[in-house]
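Worksheet: the structure to be examined is printed underneath.
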Amino acid sequence: MDFELNQPRPSQIPPIDFRALLNDEQFNAVTAPPGPLLVLAGAGSGKTRTLTYRVAYLLSQGVKPSEILLLTFTNKASKEMLHRVQDLTGIEPQRFWGGTFHSLGHRALRIYGEAIKLSRNFTILDADESESLLKQSVEAEDKTFFKDKTHPRPGPLFNVLSLARNTQLSIDTTVTQQFPQYDDIKHRFGAFADTYAKRKAEQNVVDYDDLLELWLKLLTDAPEVAAYFAQRFRHVLVDEYQDTNTLQAQIVDKLAPHHRVMAVGDDAQCIYSWRGADFENIMTFEHRHPGTVIHRIETNYRSTPEILALANAVLLAQPVGRHFDKELRAARGHSQKPYVVQTMDDREQAEFVLKRIRSLIDDEGVSANEIAILYRSHFLALEVQLAFSKAGIAYQITSGVKFFERQHVRDLVALVRFVYNPSDTQAWQRIAILLPKVGEKGAQKIHAAALEHGRLLQQNFLDALSTDDVRSKVAKDARDDWENFCVSLRQVAEVMETGTPAGVFETAIDGWYGDYLKGAFADYVERLDELKALIGFAGRFEEMQDLLAQIVLLNGETSDRQVDPDAEAIKLTTVHQAKGLEYDVVFVVGLADGQFPGRRSIEADDVEEERRLFYVAVTRARNELYLCYPKVATRAGPGGMLLQPSRFLMEIPGDLYDPLRIKRSFGW
């Protein structure tokens, strides 16, 4: 058959020797006849190269740049691919429709939006503006909603509604699955969403999610526009297809009724369901595009055969029929097996990692930049951060800020600091402004009033806070919160007098701040786990002053020293943030059941995405891989909690790794 439905056009680009520049798997995918193509590109197999050369190949066959639509998830990915296409063909990036789903949705709506009654002069709300408009919409329905601190604030509420929109699931289902802390009030969210949508329409504005929702509406409700797109874009290419959400997959299907679509991705790296990615999109691609030809790109140029053998074993443990069969094959020579490292507890795990890294750098010449420590959740890296800070080892956290610098951790520490020393006005300022409508000046007035009242009546400062005279200085919107706030501070003070530092932090988490956390952050459950890690840390100390001093010293050692992004430093990152990256040496820490896979996944009997996340972690390593787990979780407090090795480790045949058990002298 002809490559195009019309007569092929002569190519205007210089000749490219595709056969010489690609391996067999890549060549077969790049030069495949037009039609529905699913390219399963394994980790480290040259996915971007394949997609780039596919564009160049289409151009070499006479396809016009304007007939190719390239959909990516980041503008950076799109620019890199199209500039590489320019290097190959001489054709400039601006001649293509290439970019993120959202940017191309905006482009389509700006040109054709009037077909669905969207004025051409619509404006786009940024994140802050969207939350502000949602806040106004909620208060129009219920003026008191945000006064209850356990209710989501505008930001978290927007996250809930956004996820429901992108997955096309009901708000009830979305809350139940992802935001269980709001289960009791989820029935109210629908009315808020309706009012928000109405106000956007009245003001001729759209938010970020509308760029997808309205693009799909345009392709669904304006058949003449859909027909134009289908005729114009004769070839649709999608990068990272496994990360598409429900809206994005439907947009692709609407754009390609001709089924000339190449979807490139890897089902084994679908790890973003919490932000809307739908695993079913890639699994059902063949059903939605009959006649799909699957190309597997399995030659891995990154890792050693031993690391890939372990990675393949992770995939083999997936349920039958719920994944595409694939087997990564190494292009590199043999080396050492991965190590599975059992330690007594989190602290010993951190000491092992520190000692091994020193040896790698000092004795074996490995660059610190080529060493990464990966973990499932932030709290699992606490002990590693403490060990590195004390040892003076430079490190960078590429998935956020250091543990004791995280917002909620600083809040809770400030609360404890203030109870310990009510004269600490900086700690007071930090917690007081968390109350509704209390700013810095308001916080200062309240503190001054309590100080004066306590002096006159010879009262304890915390008792003075509860008096009517001080309460009268509190902003009206904060008064409902005030009593609980004061009670919580007194409870912390009582434990501080008679209990342990660990008990102090546990009481602080269970009180007013725990309720605040629930409303302030959509990822409440994860942040609560991180705060609970503080209980284990506090369990090391008998005296509160020693604990608070240690936290300040740790922050002083790390916060004031700005790390040059180009400087030599160990990388610490969550596995999610490490996707797409690679390192010479990788340590995965916290590989115990309840930590990785996480407790919530185990309780829901749904660990498949966690297994894929483990696969992503394993395939980041080029030369050496250390899989570490503690036998005891010290974060549970004094005495700890016994742990079992991750089920993902137990599934791997023992001959694919070498076990290391740490001796007290840290020999192995």
Side-chain angles (χ1 to χ4, degrees), residues 307 310 336-361 363 366 371-391 393 395 403 502 529-530 532-540 554 570-575 583 585-599 602 610 613-614 617-618 620-621 624-652 654 656-668:
I307 290 172
L310 190 142
Q336 66 198 51
K337 292 179 182 179
Y339 294 101
V340 171
V341 186
Q342 179 193 85
T343 63
M344 179 56 66
D345 56 21
D346 305 354
R347 295 172 73 178
E348 190 174 79
Q349 178 179 249
E351 288 297 324
F352 163 73
V353 171
L354 173 63
K355 185 175 177 66
R356 180 61 189 132
I357 284 176
R358 276 182 163 157
S359 177
L360 286 165
I361 294 173
D363 303 335
V366 178
I371 302 173
I373 300 165
L374 309 185
Y375 36 87
R376 172 66 182 86
S377 304
H378 287 286
F379 72 82
L380 297 173
L382 171 58
E383 293 293 345
V384 173
Q385 292 181 47
L386 295 174
F388 279 26
S389 294
K390 289 178 180 176
I393 299 289
Y395 67 95
F403 183 85
D529 278 341
E530 292 177 23
K532 288 178 178 176
L534 277 174
I535 300 171
F537 175 70
R540 299 182 181 188
L554 284 168
I570 310 299
K571 303 299 185 289
L572 273 67
T573 177
T574 63
V575 184
Y583 302 92
V585 182
V586 167
F587 295 81
V588 186
V589 297
L591 274 169
D593 256 24
Q595 296 184 344
F596 196 169
R599 173 177 47 83
I602 294 172
E610 298 276 296
L613 192 63
F614 180 49
V618 166
R620 299 310 95 199
E624 294 184 36
L625 175 64
Y626 297 84
L627 305 173
C628 311
Y629 70 94
K631 292 173 66 177
V632 176
T634 52
R635 74 185 187 92
M641 177 179 69
L642 288 177
L643 297 170
Q644 295 298 318
S646 170
R647 61 194 64 195
F648 304 145
L649 287 177
M650 304 299 285
E651 292 165 350
I652 298 169
L656 296 182
Y657 59 83
D658 287 329
L660 282 180
R661 281 181 172 78
I662 306 304
K663 299 175 183 176
R664 291 197 175 183
S665 61
F666 289 99
W668 54 80

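Predicted model, so just to flag it, every value in this text is computed and none were measured.
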Could you please spell out the steps behind the side chain to side chain contact (heavy atoms under 4.5 Å, CB included) verdict for F403 and L534? CA-CA 10 Å; F403 183 85; L534 277 174; 4.0 Å; yes
With heavy-atom distances below 4.5 Å as the criterion, would you say the side chains of [X] and [Y] are in contact?
X	Y	answer
V366	E624	no
R358	I393	yes
C628	T343	no

F587: which of Y626, Y629, Y395 passes ring pair (Phe, Tyr, Trp, His ring centres under 6.0 Å):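 Single pass found, and it is Y626.
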Give a yes or no on whether K631 atom NZ has more than 12 heavy-atom contacts from other residues, nucleotides or ligands under 6.0 Å away.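 12 or below, so no.
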Considering all heavy atoms, the nearest [X]-[Y] contact:
X	Y	answer
F614	F648	CD2-CB, 3.5 Å
E610	P597	OE1-CA, 3.2 Å
Q595	R376	O-CG, 3.4 Å
S646	D593	CA-OD1, 3.4 Å
A387	A350	CB-CB, 4.0 Å
F388	V353	CZ-CG1, 4.3 Å

Could you grab the distance from atom [atom1] of [X] to atom [atom2] of [Y], nearest 0.5 Å is fine?
X	Y	atom1	atom2	value
I307	L625	CD1	CG	5.5 Å
M650	Q644	CE	CD	7.5 Å
Y583	I373	OH	CD1	11.0 Å
I361	R356	CD1	CZ	10.5 Å
L374	T573	CG	OG1	6.5 Å
L627	Y339	CG	OH	12.0 Å

Worked verdict on R347 versus L386 for side chain to side chain contact (heavy atoms under 4.5 Å, CB included): CA-CA 9 Å; R347 295 172 73 178; L386 295 174; over 6 Å; no
Evaluate the criterion side chain to side chain contact (heavy atoms under 4.5 Å, CB included) for residue pair Y375 and L572; output intermediate values, then yes/no. CA-CA 8 Å; Y375 36 87; L572 273 67; 3.7 Å; yes
Ignoring hydrogens and angles, tell me if any N or O in the side chain of Q349 forms a donor-acceptor pair with the backbone of G590 under 3.5 Å.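 Yes; at least one donor-acceptor contact below 3.5 Å.
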Please lay out, stage by stage, how V632 and L642 fare under the test side chain to side chain contact (heavy atoms under 4.5 Å, CB included). CA-CA 5 Å; V632 176; L642 288 177; 3.9 Å; yes
